[in-house]
Structures are given as C-alpha cells and as structure tokens.
Amino acid sequence: MYSSVMPLLSAQQDEAFRAAAHRRDREAAGGVAWSGLGPQPFRPLALEALQAEERRRRERLAAWRSSAAGRALAAVAEVERQAAAIRAALARDPDQALPGPAAALAAAAETVCRTLAR
C-alpha cells in the first residue's frame, strides 16, 4: 500500500504546495502593481501528470538505492538501527549480556565494510 499510495500523496502534496505558493505570489502582487508583473494564472497538474511524476520519482529512487552510494547508506542505517537496539537494551538493564544484538551489529558493520570496499 505504501509504495502505491504514499508516492501519489507526495505528488499531491507537492501540487498543494505549488498552489499555495501561487496564492502567496498573487496576493503579494495584488493591490497597486505595474501591469503584467503578477503571476500567470495557476494551472493545476492533471492526475495523470502527478502519477507520471511519481513513477519517475520511484524509478530514480530505485536506481539510487541499487547504486553503490544507496547500498552503502542502507548498510550504515542498519548499523545505526542495531546500535540503537543495543543502546535501548542497555538502558533497560545495564548488566545484561547481549550476544545476539552484538552479533547483529557486527554483521551489519561487516556489510558496511564490504559495501564500501567495492
């Protein structure tokens, strides 16, 4: 559901932002102004154009995620998630042993090292 609905909401939010910016520009140019200096009439994008833009965004995001930089950043984010889990566990009980989370953190760190070495 997220991949099909949320990106469209994102484009719709972009369109709402564009409309609000146009309203602000129109209001700023209102009152006494030189002829021709106000904004052009606002033309909202059609639903098909919004959907096409979201497809392009998803394609660019997928390409970036599969790039070296995207893979490296995902690996670093996993290290951060594992470290946060250890931090939270130690906050609950500072004296506990954490072999499972420690192994997960080590594996995530190894993934970062392999990704960056390529």
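Just so it is clear, the values below take in all heavy atoms, side chains as well, and ignore hydrogens, waters and symmetry mates.
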query = Any chain of hydrophobic side-chain contacts (each under 4.5 Å) joining Leu105 to Leu90?
reply = yes

inquiry  = Using the rule side-chain contact (heavy atoms from CB on, under 4.5 Å), only one of Glu53, Glu54, Glu15 pairs with Ser10; which is it?
reply    = Glu54

message = Regarding Glu78 and Arg81, does a basic nitrogen lie under 4.0 Å from an acidic carboxylate oxygen?
response = yes

message = Looking at Arg71 and Ser66, would you say the former's side chain and the latter's main chain have a donor-acceptor pair under 3.5 Å?
response = yes

key: Rounded distance [0.5 Å steps], CZ in Phe42 versus CZ in Arg23   = 8.0 Å

ask   = Donor-acceptor pair, Gln96 side chain versus Ala89 backbone, under 3.5 Å?
value = yes

task = Taking all heavy atoms of Thr115 and all of Ala75, pick out the closest pair and write down the distance.
result = OG1-CB, 4.3 Å

key: Side-chain touch Gln12/Asp14, heavy atoms, less than 4.5 angstrom   = no

inquiry  = Tell me whether Leu73 shares a hydrophobic cluster with Val79, the cluster being built from Ile, Leu, Val, Met, Phe, Trp, Tyr side chains joined at under 4.5 Å.
reply    = no

inquiry  = Once rounded to the nearest 0.5 Å, what's the spacing between atom CG of Leu98 and atom CD of Gln82?
reply    = 11.5 Å

key: Check: Gln40 main-chain N/O paired with His22 side-chain donor or acceptor under 3.5 Å   = yes

query = Of all heavy-atom pairs between Ala72 and Leu116, which one has the smallest distance, and what is that distance?
reply = CB-CD2, 3.6 Å

query = In Å and rounded to the nearest 0.5 Å, what is the CZ to CZ distance from Arg55 to Arg60?
reply = 12.5 Å

task = Answer yes or no: does atom CZ of Arg65 have more than 12 heavy-atom neighbours from other residues, nucleotides or ligands under 6.0 Å?
result = no

